[in-house]
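Below, read A as the first sequence line, B as the second, and so on, with proteins coming before strands; counting in each chain starts at 1. If you're wondering where the values come from, they're calculated on a predicted model, not measured in any experiment.
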Protein chains: 2
Amino acid sequence: MAAMARAATTSDAFNAIAEPQRRDILALLRAGERPVTDLAQELGMSQPRASKHLRVLREVGLVRVREAGKQRLYGLDARGLRPIHEWVGGFERFWNESFDRLDTYVQDLKQTRQEE
Amino acid sequence: MAAMARAATTSDAFNAIAEPQRRDILALLRAGERPVTDLAQELGMSQPRASKHLRVLREVGLVRVREAGKQRLYGLDARGLRPIHEWVGGFERFWNESFDRLDTYVQDLKQTRQEE
DNA sequence: TTGATGCATTCCGATATAGGCATATGATGG
DNA sequence: CCATCATATGCCTATATCGGAATGCATCAA
């Protein structure tokens, strides 16, 4: 079979939030629903660009759209962030431990160096 | 200027953990340091593949390497996950709120449908 | 020194974006 | 029906990966 490329990023929340501008959009949406143009302007990006990012966010379920006449109001649906929070949270004790670990690591380095 | 492509994924933790296999590697490393081959075998991936993922993780600072004779032991350095945890945590109250929001959303949908 | 072992790299192919720009769509107001 | 506003898409380019396979490099054992 042919070589495979990177997994589709548009298919999961982890990938969706890997893009800084999409994180910005999500952050803005905490303040409430907003139309595309609004978001685009506030974030200094073109409208098509905003629409595309919103599409990705919609596809992974992090935002939802509501038709409001001529506009489409995008709103936050943060439920998809929860699994991420939990996954990352699984490392909490390790980043607290890290200093010690780093210390022993440095120790090992010195050790190794002296043995040479 | 020419069109720009996606931001380099190898340059930040958000992107590093967007790749499932890299998440798997990090999860495994919670149990302690491990040589490349070990990780590769346990995760059922080729050695070069493991090395490449480890390189990305190293570049964003999520793992560190220690030379141990013929082997290179990779260890977790979870400190880089903390900012992510905090960013995502900033949405916590929203995913708790979500049910209500979703309800009103569904209401709106019904409403809209009936009006057609 | 000669292998063998453990990894990192390089080269190549297929593909997935991100962005820009132009354009198609849809709904609204006259 | 027509012009306009608000968005979504399509097309095209430059890149960035991810993967595999082969290869380069140390280091270790005999």
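- One atom, NE2 of B:His53, and another, C1' of C:dC7, lie 16 Å apart when rounded to the nearest Å.
- Looking at residues two or more places apart in sequence or on another chain, you find a side-chain contact (heavy atoms from CB on, under 4.5 Å) between A:Pro48 and A:Ser46.
- Between A:His85 and B:His85, the ring planes are parallel. Angles under 30° get that label, and only those over 60° would be called perpendicular.
- One interatomic measurement links the two molecules: CD of B:Glu67 to P of D:dT27, which rounds to 8 Å at whole-angstrom precision.
- Remark: B:Asp24 engages B:Leu43 in a side-chain contact (heavy atoms from CB on, under 4.5 Å) (not counting sequence neighbours).
- Of the possible donor and acceptor atoms, none in the side chain of A:Arg34 sits under 3.5 Å from a partner among the backbone N and O of A:Leu39.
- Nearest to the side chain of B:Ser51, among D:dA8, D:dC18, C:dA8, sits C:dA8.
- With D:dA8, C:dG6, D:dC18 as the candidates, the nucleotide lying closest to the side chain of B:Gln71 is C:dG6.
- Within residues 36-48 of chain B, the residues having any heavy atom closer than 4.0 Å to DNA chain C are, in order of number, B:Val36, B:Thr37, B:Gln47, B:Pro48.
- Proximity of A:Tyr74 to the phosphate of D:dA6: no side-chain N or O atom is located under 4.0 Å from OP1 or OP2.
- Contact annotation: B:Arg72 side-chain N/O to C:dA8 OP1/OP2 distance is under 4.0 Å.
- Spacing between atom CG of A:Asp12 and atom P of C:dA16 amounts to 15 Å, rounded to whole angstrom units.
- When the P atom of D:dT7 is taken as reference, atom CG of A:Leu73 falls 8 Å away, rounded to whole Å.
- We find that NZ of A:Lys70 is positioned 7 Å from C1' of D:dA6, with the value rounded to whole Å.
- Between the CZ atom of B:Arg49 and the P atom of C:dT9 there is a distance of 18 Å, rounded to whole Å.
- Checking B:Thr37 against B:Gln41 by side-chain atom types alone, no donor-acceptor pair falls below 3.5 Å.
- You'll find the side chain of A:Lys52 stays beyond 4.5 Å of the side chain of A:Arg49, heavy atoms only.
- In this structure, the NZ atom of B:Lys52 is 16 Å from the P atom of C:dC7, given to the nearest Å.
- When rounded to the nearest whole Å, the span between CZ of A:Arg66 and P of D:dA6 equals 17 Å.
- Judged by distance alone, with hydrogens and angles left aside, the side-chain atoms of B:Arg30 form a donor-acceptor pair with the main-chain N or O of A:Gly90 at under 3.5 Å.
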